[in-house]
A.B. asks: 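Take a look at this one; I'll ask things after.
Just so it is clear: chains get the letters A, B, ... in the order the sequence lines come, proteins before strands, and each one is counted from 1.
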Protein chains: 2
Amino acid sequence: MTAVWQCQGVTSTSTGAVRQGSLRELNLAVVLRRIAAADRPPSRADLAAATGLTRATVSAVVDDLIAGRLVTEADPAPRAGAGRPARGLVLAADGPAGLGLEVNVDYLAACVVDLTGTVRHHLVRRADLRPVSPADTLDRLAALAAEARAAAVREGLTLAGAALAVPGLVSDGGLVRLAPNLGWRDVDVPRLLGGRPLAEPVDGIPPLVVDNEANLAALGELHAGPPGSASFLHVSGEIGIGAGIVLDGALYRGARGWSGEIGHIPVDPRGRTCRCGGQGCLERYAGQEAILAAAGLPGADLPADTAAARLADLAAAGDPATLTALTDAGTALGVAVAGVVNLLDLDTVVLGGGYAPLARWLSPPVVAEVSRRVLTAAWAPVTVRPAALGAQSAAVGGAASVIRRIIDRPVGWLARSG
Amino acid sequence: MTAVWQCQGVTSTSTGAVRQGSLRELNLAVVLRRIAAADRPPSRADLAAATGLTRATVSAVVDDLIAGRLVTEADPAPRAGAGRPARGLVLAADGPAGLGLEVNVDYLAACVVDLTGTVRHHLVRRADLRPVSPADTLDRLAALAAEARAAAVREGLTLAGAALAVPGLVSDGGLVRLAPNLGWRDVDVPRLLGGRPLAEPVDGIPPLVVDNEANLAALGELHAGPPGSASFLHVSGEIGIGAGIVLDGALYRGARGWSGEIGHIPVDPRGRTCRCGGQGCLERYAGQEAILAAAGLPGADLPADTAAARLADLAAAGDPATLTALTDAGTALGVAVAGVVNLLDLDTVVLGGGYAPLARWLSPPVVAEVSRRVLTAAWAPVTVRPAALGAQSAAVGGAASVIRRIIDRPVGWLARSG
DNA sequence: TCATTTAATTCAACCACTGAACAAATTACG
DNA sequence: CGTAATTTGTTCAGTGGTTGAATTAAATGA
């Protein structure tokens with residue numbers, strides 16, 4: 001019997017019938033989501049009013065959640081007026097947690113996020129991984145993951161699942177089809193990580209999800225960013241340019257999980273030829289190599305992080321070539337982003353990955369192009385902002401995707417040991 | 001030890017609580033959807049097997065559906081082997097129906113679609129509506145709708161809702177912000193149609209939905225097109241160029257309902273200036289006016305339908321200027337569409353509206369650009385096809401959106417009179 | 001101190017699904 | 001031709017989970 005490894009969200013057309021027990025299953029999720037989304041610890045009565053369920057039902061559901069270590073009673077929120085004081089309910093900080101992993105060109109990262117969304121641990125190992133074989137890289141990653149897990153367990157946390165971000169195309173089953181900057185091609189991550197368990201088995205939560213770095217970074221921003229922007233585009237500027245698309249609070253992955261290829265939107269059809277075969281692709285104007293070349297920096301070989309830092313230093317020092325390069329890149333990016341915003345009617349654009357430290361200089365030209373080209377900008381402005389988590393977005397987003405699964409379907413966790 | 005953990009897409013969409021009665025409500029929808037999606041009339045036993053519910057439950061649910069005129073028993077499907085013959089279940093053809101309406105530059109349309117998806121009536125009134133005031137136009141539309149309704153009622157149908165397609169931006173509440181080709185600005189459709197009821201009031205179904213023509217046309221293609229393509233882009237070439245985006249079988253409307261503005265994706269940033277303020281927008285290369293001008297046709301004043309027909313005639317006759325114009329337009333369209341397909345990972349592109357009759361000449365250059373520029377085209381080909389419904393897509397799609405609402409939540413209809 | 005107010009629990013009633021037994025309607029086979 | 005096999009659909013007691021009202025709990029205020 002083979003283990004089922006999952007990669008991306010299943011396009012679940014499953015017309016799930018609602019059986020007797022599903023009722024409780026669904027209400028557990030409803031109540032837990034409400035607790036997670038509240039800005040103030042709600043009481044059972046608050047939850048009853050908000051969900052439309054009876055107080056009796058809410059009490060029963062909450063009892064289950066507390067017994068399963070998903071929810072804890074907090075100090076009563078101070079309330080004016082008479083009446084028995086409410087007992088506030090909050091997500092438990094010592095229950096399940098998610099493990100977020102990231103492999104990138106110049107570092108490995110592992111982080112642990114608990115149910116409340118707090119980043120409990122964050123480990124980063126810097127190293128140039130391009131000369132390292134995939135197997136060795138994943139060995140090092142597994143060691144880092146084990147370290148993070150041990151630290152989490154010491155604090156009483158239980159890792160309920162793991163998500164790995166890679167800078168490349170991932171297909172179902174965790175197969176990395178192509179990660180050009182790492183030099184990976186058809187790397188079967190679950191097989192190479194095979195024996196080493198990263199997390200406890202929990203029903204409904206795959207032990208390891210492998211996903212595109214831009215996708216998970218977008219989830220990280222959804223998780224950490226200011227509330228209210230439920231539809232946004234997260235643009236990651238690395239050597240390639242990837243985008244994570246969040247629509248109505250959910251990551252959109254595309255028909256095959258390969259959405260977000262924004263780097264080859266044409267910004268100048270008669271312009272520079274691109275390795276993809278097209279002409280004038282965005283990547284040739286706003287990709288890292290293009291910016292470095294335009295700034296007069298020879299180091300096309302620099303790891304991603306370092307390159308962005310170098311550019312930020314030069315720009316901060318007022319280097320004219322760098323400033324021009326960033327303005328031009330921002331303009332190209334703005335052209336492409338404006339097209340996307342027009343198409344999808346988004347209200348927010350997040351500059352992440354390598355763009356995060358450069359956002360100060362990239363934003364103005366992006367904003368200029370967007371407000372010039374987006375038809376509805378007059379009625380409803382488009383926000384352009386740097387990533388709240390910066391370069392950590394992907395690992396945190398991966399971990400957050402695990403806890404999100406628990407919150408969306410708590411019965412899987414509750415059915416665990418008990 | 002690794003166990004088998006199957007991934008399960010979390011389905012629950014609404015944050016609404018699941019109350020006692022919701023159980024039946026949800027299962028009514030599950031069973032009805034199954035019947036609608038089946039290619040052969042299923043028996044109660046088939047449904048039980050497919051949904052996981054008990055045969056007893058399915059029987060009870062089906063009884064409700066039959067009592068509510070949503071489902072009928074059909075002739076038993078011939079089956080080999082022993083056993084009591086099954087009674088096939090099909091959607092009722094004499095129950096609720098949807099009314100689809102369309103206002104366009106040169107015609108008004110109304111159509112009636114029943115639960116089975118059959119177009120029962122389709123009325124079109126050709127007239128140049130640009131000189132007509134919005135109020136007068138809507139008066140005529142109401143008359144046409146009344147005619148369609150009378151015909152439907154004569155056949156025993158009950159109109160459960162109506163959807164109106166307009167070529168413009170629509171905001172919540174049915175306010176048409178801007179329909180440039182009609183010359184409409186801030187037209188309050190519900191108010192102008194005010195007193196005249198278009199459909200019976202049914203719980204959960206708005207009596208009139210006003211939506212962008214491209215959106216409803218995309219729904220029409222989803223309804224009528226070949227199954228299997230649940231994520232596609234429907235491009236409508238009129239004077240402007242609109243796109244309806246269907247993701248995972250659902251129309252994506254954007255944060256404010258204004259998605260699909262594909263006409264201003266830049267295909268040549270240093271090219272022709274556009275009325276939107278940008279440069280080199282797609283509309284200036286593949287819009288109707290641009291194609292007509294390139295083909296050497298003076299009649300920029302032609303109504304949309306006629307223009308497409310004229311171009312098709314000329315192209316069929318082999319007129320060189322027209323053929324070149326169409327190839328160039330197709331190339332520009334292909335550049336833009338390739339960007340969208342890369343971004344959203346779509347597997348199908350539908351050429352509709354004014355493009356439908358021209359698809360024979362537009363498709364090749366579109367396909368060429370798409371296969372050249374879409375990175376994943378090598379792994380999974382992208383289909384480019386003309387709209388199955390042609391110019392009728394929008395009205396039919398509007399009607400189909402009504403019956404879809406009934407199928408997705410039948411309890412609203414059942415709670416009606418019966 | 002006692003009425004008032006709000007929070008949370010308890011408990012009988014009820015609704016909808018479950019599972020098994022049964023009736024119905026056909027084919028398979030001796 | 002008649003009986004067994006087979007599959008469909010219904011009936012009915014049983015059960016899980018929600019409901020609504022009554023009850024208990026814990027505070028404020030006069």
A.B. asks: Rounded to whole Å, please give me the gap between CG in B:Leu23 and P in C:dC17.
C.D. replies: 5 Å
A.B. asks: Taking atom P of C:dC15 as reference, at what distance in whole Å does atom CG of B:Leu26 sit?
C.D. replies: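 Going from B:Leu26 (CG) to C:dC15 (P), I get 18 Å.
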A.B. asks: For B:Arg409, look at atom CZ and say whether over 12 heavy atoms of other residues, nucleotides or ligands are found less than 6.0 Å away.
C.D. replies: yes
A.B. asks: Within the 4.5 Å heavy-atom criterion, are B:Arg120 and B:Glu155 side-chain neighbours or not?
C.D. replies: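 Answer yes - side chains close enough.
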A.B. asks: Distance check needed: C:dA7 P versus A:Leu47 CG, whole Å only.
C.D. replies: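 It is 12 Å, rounded to the nearest whole Å.
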A.B. asks: Tell me whether the side-chain N/O atoms of B:Thr57 come closer than 4.0 Å to OP1 or OP2 in C:dA16.
C.D. replies: no
A.B. asks: Assuming nearest nucleotide by heavy-atom distance, tell me which of A:Val18 and A:Ser43 is located more 5' along DNA chain C.
C.D. replies: A:Ser43
A.B. asks: Below 4.0 Å from chain B heavy atoms, what is the first contacting nucleotide of DNA chain D and what is the last?
C.D. replies: D:dT6 to D:dT19
A.B. asks: In whole angstrom, what separates B:Leu28's CG from C:dC15's P?
C.D. replies: 16 Å
A.B. asks: Are the side chain of B:Ser231 and the backbone N or O of B:Asp248 linked by a donor-acceptor pair below 3.5 Å?
C.D. replies: yes
A.B. asks: Quick one: A:Leu65 CG to C:dA8 P, roughly how many Å, whole number?
C.D. replies: 15 Å
A.B. asks: What nucleic acid atoms does B:Thr54 come within less than 4.0 Å of, heavy atoms only: base, sugar-phosphate, or nothing?
C.D. replies: base
A.B. asks: Contact class for B:Arg55 (heavy atom, under 4.0 Å): base, sugar-phosphate, or nothing?
C.D. replies: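 Base, at least one base heavy atom under 4.0 Å.
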A.B. asks: When you measure from the side-chain N and O atoms of B:Asn27 to the phosphate of C:dC17, is any distance below 4.0 Å, counting only OP1 and OP2?
C.D. replies: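 So the side-chain polar atoms of B:Asn27 do come within 4.0 Å of the phosphate oxygens OP1 or OP2 of C:dC17, strictly under.
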A.B. asks: Looking at B:Glu221 and B:Leu389, would you say the former's side chain and the latter's main chain have a donor-acceptor pair under 3.5 Å?
C.D. replies: yes
A.B. asks: With distance as the sole test, does A:Arg149 use its side chain to make a donor-acceptor pair with the main-chain N or O of A:Pro197 at under 3.5 Å?
C.D. replies: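 At least one qualifying donor-acceptor pair exists.
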A.B. asks: Please give, in whole Å, the distance from C:dC17 C1' to A:Glu25 CD?
C.D. replies: 15 Å
A.B. asks: Does a side-chain N-to-carboxylate-O contact under 4.0 Å join A:Arg253 and A:Asp211?
C.D. replies: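 Counted as a salt bridge, because a side-chain N and a carboxylate O are separated by less than 4.0 Å.
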A.B. asks: Can you find a donor-acceptor N/O pair under 3.5 angstrom joining the side chain of B:Gln20 to the base of C:dA16?
C.D. replies: no
A.B. asks: Less than 4.5 Å apart, any side-chain heavy atom of B:Val62 and any of B:Leu47?
C.D. replies: yes
A.B. asks: Does a side-chain N or O from A:Arg19 land closer than 4.0 Å to OP1 or OP2 of C:dT18, or not?
C.D. replies: yes
A.B. asks: When we call it a touch if two heavy atoms are under 4.0 Å apart, what does A:Ala56 touch: a base, just sugar-phosphate, or nothing?
C.D. replies: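 Base contact.
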